[in-house]
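Working notes for the structure below.
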There are 2 protein chains.
Amino acid sequence: MQLNITDTLKKHQLSITDSRKKILSFFLQSANALAHADIEHKSGTEFDRVTIYRTLQTFVEKGIIHTIPTADNSILYALCKDECVAGHHHDDHVHFICDTCSTTYCLDHVSVPKVKLPKGFKAAQTDLVVSGTCNNCEQ
Amino acid sequence: MQLNITDTLKKHQLSITDSRKKILSFFLQSANALAHADIEHKSGTEFDRVTIYRTLQTFVEKGIIHTIPTADNSILYALCKDECVAGHHHDDHVHFICDTCSTTYCLDHVSVPKVKLPKGFKAAQTDLVVSGTCNNCEQ
DNA sequence: AATATTTTGCAACATAGTTGCACTGTACTA
DNA sequence: TAGTACAGTGCAACTATGTTGCAAAATATT
């Protein structure tokens, strides 16, 4: 059972607005990562483009969602686990992008392995993105 | 000693033009990855924006350079190793982005570990991007 | 209910990337 | 090496993406 939308917003010290409720609900309804364009499309003309941008930024800052890097120059957003706190993300899981259907998955159960870096390099964050064929698109 | 620029272009069945020679030389001169904007800045008004886009696309298709995914929504390009063939990249090394100086490095000697994916998921490509502090910026 | 504070929408702007088409430079052939 | 076929370039226009300032509206606080 999923956490109440209003409670989630309150927990992160955000005031309750229509756009925040709606956009958060999109993430709770979707098992996969969403792009800004997806949200814009889902919400139709209900919210201004700018509002969506600002809402997504706010959610990232508060640790509700996190960004996923992709090779094709688009930003994707997905819900954070509960351990994520404002300004301090713990997204040490692998992301998977399907080349066929373009869906992006958070593989929460696959953790990112530690890599050994050359001398003088210190890692703060590690992003592992795998692309290929997902379980819906395999033949 | 680095391979002759003209020979490299010929080897990849590309006709020799000023823009291709110049842009390839930027990559050979730079130890790090370059963005489109870097190349546009380096070349000044010598080439049209569109020409730079098309040249980079061509180089990627021919396996001369490869793209690097970044979390901040920008495409970076770096020279491929010799094993890269047209349409079939072998970029199984780790990329490192310095949070301080924004330089992107190809860590050729650090290979990407294999990850176990859930049933039905098949990996075609794996990108591992580490961010943190590089050896020039550590104190 | 009144006020202080946030949030939103609009307009304008900035950057990034693409496409069609005419023109120019490169490569090939005789 | 001159002529021709073709690949590559520059220009213009366009789309997509993302940002900023400011006034209006909604939310939170008392």
Side-chain angles (χ1 to χ4, degrees), chain A residues 4-26 33-62 64-77 86 102 104, chain B residues 4-26 33-62 64-77 86 102 104:
Chain A
N4 185 285
I5 289 175
T6 307
D7 289 345
T8 303
L9 291 175
K10 276 185 188 160
K11 190 177 121 194
H12 291 279
Q13 299 160 6
L14 291 172
S15 44
I16 316 300
T17 67
D18 290 347
S19 61
R20 285 176 183 165
K21 283 190 285 185
K22 196 77 167 252
I23 291 174
L24 182 52
S25 79
F26 289 151
L34 299 173
H36 170 93
D38 296 327
I39 294 162
E40 201 171 332
H41 186 252
K42 276 174 188 276
S43 60
T45 56
E46 192 174 353
F47 309 115
D48 193 81
R49 256 165 21 91
V50 179
T51 300
I52 299 174
Y53 279 114
R54 286 197 270 228
T55 303
L56 290 172
Q57 276 175 12
T58 305
F59 283 3
V60 170
E61 283 163 16
K62 293 291 182 179
I64 299 175
I65 60 177
H66 63 274
T67 56
I68 304 172
T70 65
D72 71 332
N73 199 27
S74 64
I75 303 180
L76 288 170
Y77 301 88
S102 295
T104 297
Chain B
N4 185 285
I5 289 175
T6 307
D7 289 345
T8 303
L9 291 174
K10 276 185 187 159
K11 189 177 123 194
H12 291 278
Q13 299 160 6
L14 292 173
S15 45
I16 315 299
T17 68
D18 290 346
S19 61
R20 286 176 182 166
K21 282 190 285 185
K22 196 76 168 253
I23 291 173
L24 183 52
S25 79
F26 289 150
L34 298 173
H36 171 92
D38 295 327
I39 294 162
E40 202 170 332
H41 187 252
K42 276 173 188 277
S43 60
T45 56
E46 192 174 352
F47 309 114
D48 193 80
R49 253 163 27 88
V50 179
T51 301
I52 298 174
Y53 279 113
R54 286 196 270 227
T55 303
L56 289 172
Q57 276 175 13
T58 305
F59 282 3
V60 170
E61 283 163 15
K62 292 292 182 178
I64 299 175
I65 61 178
H66 63 274
T67 57
I68 304 172
T70 65
D72 72 332
N73 198 28
S74 64
I75 304 179
L76 288 171
Y77 302 89
S102 294
T104 297

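Computed over heavy atoms, backbone and side chain alike; hydrogens, waters and symmetry mates excluded. Each chain gets a letter, A, B and so on, in the order its sequence line appears, and its residues count up from 1.
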Whole-Å distance between [N] [atom2] and [X] [atom1]?
{"X": "Ile75(A)", "N": "dG17(C)", "atom1": "CD1", "atom2": "P", "result": "12 Å"}
{"X": "Ile39(A)", "N": "dT17(D)", "atom1": "CD1", "atom2": "P", "result": "13 Å"}
{"X": "Leu9(A)", "N": "dT6(C)", "atom1": "CG", "atom2": "P", "result": "16 Å"}
{"X": "Lys21(A)", "N": "dT8(C)", "atom1": "NZ", "atom2": "P", "result": "12 Å"}
{"X": "Glu61(A)", "N": "dT6(C)", "atom1": "CD", "atom2": "C1'", "result": "14 Å"}
{"X": "Lys10(A)", "N": "dT27(D)", "atom1": "NZ", "atom2": "P", "result": "13 Å"}

**Asked** Taking the six-membered ring for Trp, are the ring centroids of His66(B) and Tyr77(B) within less than 6.0 Å of each other?
**Response**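 Between Tyr77(B) and His66(B), which both carry aromatic rings, the centre distance is not below 6.0 Å.
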**Request:** Rounded to the nearest 0.5 Å, what's the gap from CG on Leu14(B) to OG1 on Thr8(B)? Could you check?
**Result:**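 Between atom CG of Leu14(B) and atom OG1 of Thr8(B) there are 10.5 Å.
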**Inter-residue atom distance Arg20(B).CZ - Thr58(B).OG1, 0.5 Å rounding** =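 So the CZ of Arg20(B) and the OG1 of Thr58(B) are separated by 5.0 Å.
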**Request:** Would you indicate what Glu40(B) reaches in the nucleic acid, counting non-hydrogen atoms under 4.0 angstrom: base, sugar-phosphate, or nothing?
**Result:**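 Nothing: the residue Glu40(B), judged by heavy atoms under 4.0 Å, touches no strand.
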**Asked** For nucleotides 7-15 of chain D, read 5' to 3', which letter fits each nucleotide if B means a protein heavy atom sits under 4.0 Å from the base, S means only the sugar-phosphate is that close, and - means neither?
**Response** SSBBBB---
**Request:** Would you tell me if any nitrogen or oxygen in the side chain of Gln57(B) comes within less than 4.0 Å of OP1 or OP2 on dG17(C)?
**Result:**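 The answer is no; no side-chain N or O of Gln57(B) sits under 4.0 Å from OP1 or OP2.
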**Item:** Set of side chain to side chain donor-acceptor pair (under 3.5 Å) partners for Thr55(B), sequence neighbours left out
**Value:**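 Not a single residue meets the side chain to side chain donor-acceptor pair (under 3.5 Å) criterion with Thr55(B).
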**Asked** What is the minimum heavy-atom distance between Ile16(A) and Lys21(A), and which atoms define it?
**Response**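 Reported closest heavy-atom pair: CG2-CD, 3.7 Å.
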**Message:** Against Leu56(B), only a single residue in Ile64(B), Leu34(B), Ile65(B) fulfils side-chain contact (heavy atoms from CB on, under 4.5 Å); can you say which?
**Reply:**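 Output: one option passes, namely Ile65(B).
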